[in-house]
2 protein chains.
Amino acid sequence: MDAPIGVFDSGVGGLTVLRALLSRLPHEHTIYLGDTARVPYGTRSREVVTRYALLCARYLAAQGIKMLVVACNTVSADSLPAVAEALPIPVVGVIEPGAQAAAARTRGGSIAVLGTPATIASGAYQSALRRLAPLSPLVARACPLFVPLAEEGWVDGDVPALVAERYLGDLRRAGADTVLLGCTHYPLLAGVIAQAMGPDAILVDSAQSTAAAVAQVLEARGIARRDGAARHRTLCTDVPERFHGMAERFLGRPVDRIEAVDLAEPAR
Amino acid sequence: MDAPIGVFDSGVGGLTVLRALLSRLPHEHTIYLGDTARVPYGTRSREVVTRYALLCARYLAAQGIKMLVVACNTVSADSLPAVAEALPIPVVGVIEPGAQAAAARTRGGSIAVLGTPATIASGAYQSALRRLAPLSPLVARACPLFVPLAEEGWVDGDVPALVAERYLGDLRRAGADTVLLGCTHYPLLAGVIAQAMGPDAILVDSAQSTAAAVAQVLEARGIARRDGAARHRTLCTDVPERFHGMAERFLGRPVDRIEAVDLAEPAR
């Protein structure tokens with residue numbers, strides 16, 4: 001089926017999810033939408049997150065996508081049912097696939113979930129993990145400085161190492177064996193996070209398991225695209241200076257063109 | 001004149017400007033609007049910043065304010081003429097008063113301007129200082145991690161000290177004698193900034209000089225309110241959890257109540 005897969009996130013972070021998708025499903029057309037005019041979502045209330053998420057989801061649905069990937073952890077945690085109800089196509093978030101992967105990897109130690117304050121406060125990863133790995137001790141930690149560090153490109157050296165130690169030192173000492181990166185930005189800091197968590201901890205990235213979940217849905221519905229070159233569009237609600245380089249760092253490949261789009265909120 | 005003074009910012013940062021105003025003009029009623037649903041502005045394009053700024057300015061004008069203080073450095077740098085043109089009342093930003101104070105304090109060394117990437121890229125402080133202190137050498141430095149550090153409450157200790165050293169070490173070695181805090185969040189980090197800049201550097205905070213500029217406008221127009229208890233309202237476009245404590249930390253006094261308001265963008 002030739003229709004594209006829609007992927008959206010509050011900003012550039014979701015490009016790490018798109019990256020996993022492109023690698024797993026190289027023949028699928030994609031449209032990525034980053035709501036860079038309203039980023040970040042992770043510090044906002046659930047009500048505002050849902051309002052912004054519906055704007056993005058409806059915009060992509062109007063482009064004729066065959067399924068929607070909510071690459072944003074905050075939206076997946078707070079607003080996935082609202083988004084799924086609003087659209088007539090399959091909708092996949094990052095929480096459930098990420099939690100499944102962490103539950104499959106833990107070896108009897110505790111699972112540590114890292115995310116933005118909103119994702120952690122929502123308790124979404126924690127609920128999923130209590131269901132999927134009921135015997136595993138669970139700790140959750142909000143790490144608000146990781147996002148600005150990743151966006152600033154400070155991903156190694158003394159500052160991120162010290163920040164990671166401050167957020168994660170006690171989780172290492174408590175013996176976490178599995179670390180779930182519950183924010184799309186965190187894979188860029190995987191090196192310092194792994195160092196702070198020690199050699200016994202496995203890092204689990206939701207992006208990989210989300211790509212697998214998308215492949216499953218496409219197969220189950222018989223809507224996969226099996227050959228041919230794929231087209232990719234990158235849309236953002238704001239394209240500030242320095243943005244292009246940041247997008248390429250997150251996607252891990254060149255980005256031809258970023259199209260600016262306007263999702264003006266309806267007057268109420 | 002009994003009408004309130006309107007103050008707006010992209011978020012909580014402008015409360016440091018309101019704090020200076022309340023201290024200098026204790027009889028003035030005020031309405032503060034923080035656009036917390038769209039914060040931060042400092043990473044967005046000029047076009048989007050102007051659009052958001054006009055939404056805020058028009059909302060406050062509709063509340064019957066007698067003058068408007070643009071407490072946001074990004075808006076003051078990028079969009080002050082657009083805001084001033086849109087309103088029939090006096091509009092004061094933070095750039096010109098801050099630059100005047102820095103020009104008055106320098107003692108022959110260089111002036112260092114610190115701000116968000118957008119404020120620094122706009123060149124607004126640099127233009128004002130070249131006009132006001134044409135003989136002073138000038139350096140400008142974007143410090144994107146200072147805002148999340150201030151909001152996280154990490155304002156002393158090893159992480160902010162290391163971040164400040166990384167941003168400012170070479171400015172200290174180059175002999176800056178005056179440091180202009182060109183972002184409303186930075187006064188919270190004044191301690192580590194002062195330490196990184198060394199004992200010979202004077203820190204200049206735009207908030208103080210902006211309050212003085214507001215007092216001058218009120219006098220010149222004969223619209224000051226000279227006695228009686230003042231009423232203060234605090235409005236925000238989003239009131240996430242943990243917000244109240246952050247607001248009180250920035251304002252330096254208790255905040256009774258934060259009213260949530262909606263500035264939905266007009267459909268276009």
Side-chain angles (χ1 to χ4, degrees), chain A residues 11-12 35-49 51-52 55 74 78 116-118 120-122 142-154 157-167 236-243 246 258 260 262-268, chain B residues 11-12 35-49 51-52 55 74 78 116-118 120-122 142-154 157-167 236-243 246 258 260 262-268:
Chain A
V12 286
D35 190 12
T36 44
R38 275 162 283 253
V39 73
Y41 287 4
T43 50
R44 309 199 195 285
S45 67
R46 175 184 293 238
E47 186 203 341
V48 165
V49 168
R51 196 165 84 211
Y52 292 171
L55 279 176
T74 305
D78 276 0
T116 64
I120 297 303
S122 76
C143 311
L145 282 168
F146 281 174
V147 166
L149 283 171
E151 296 196 345
E152 177 75 328
W154 289 15
D158 49 6
V159 172
L162 211 55
V163 172
E165 177 60 27
R166 186 150 165 190
Y167 283 137
C236 284
T237 51
D238 188 24
V239 188
E241 266 186 80
R242 309 189 317 159
F243 183 78
M246 191 154 72
I258 298 174
D262 192 347
L263 314 179
E265 295 182 58
R268 261 158 310 153
Chain B
V12 286
D35 190 12
T36 44
R38 274 162 283 253
V39 73
Y41 287 5
T43 51
R44 309 198 195 286
S45 67
R46 176 184 292 239
E47 185 203 343
V48 165
V49 167
R51 196 166 85 210
Y52 291 171
L55 278 176
T74 305
D78 276 359
T116 63
I120 297 303
S122 76
C143 310
L145 282 169
F146 281 175
V147 165
L149 283 171
E151 295 196 345
E152 177 75 327
W154 290 15
D158 49 6
V159 172
L162 211 56
V163 172
E165 177 61 27
R166 186 149 165 190
Y167 283 136
C236 285
T237 51
D238 187 23
V239 188
E241 267 186 79
R242 310 188 319 158
F243 183 79
M246 190 153 73
I258 299 175
D262 191 348
L263 314 178
E265 296 182 57
R268 263 158 307 150

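Excluded from the calculations below are hydrogen atoms, water molecules and symmetry mates; all remaining heavy atoms, backbone and side chain alike, are included. Chain identifiers are assigned alphabetically (A, B, ...) following the order of the sequence lines, protein sequences preceding nucleic acid strands; residue numbering begins at 1 within each chain. This structure is a prediction, so every number in the text was calculated from the model and none was measured.
Dense packing is recorded around CD of B:E165, with more than 12 heavy atoms of other residues, nucleotides or ligands lying under 6.0 Å away.
Atom CG of A:D158 and atom CG of B:L162 lie 4.5 Å apart (nearest 0.5 Å).
Of all heavy-atom pairs between A:V48 and B:A37, the closest is CG1-CB, 4.4 Å. Minimum interatomic distance between B:P40 and A:V39 (heavy atoms only, all atoms of both residues): CD-O, 3.7 Å. Shown here for B:T36 and A:R44, the closest heavy-atom pair between the two residues is O-NH1, 2.5 Å.
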In sequence, state the C-alpha distance, the side-chain angles, and the governing distance for B:R51 and A:D238, and then conclude on side chain to side chain contact (heavy atoms under 4.5 Å, CB included). CA-CA 12 Å; B:R51 196 166 85 210; A:D238 188 24; over 6 Å; no
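The contact between A:R166 and chain B is made entirely by side chain atoms (from C-beta outward), counting heavy-atom distances below 4.5 Å.
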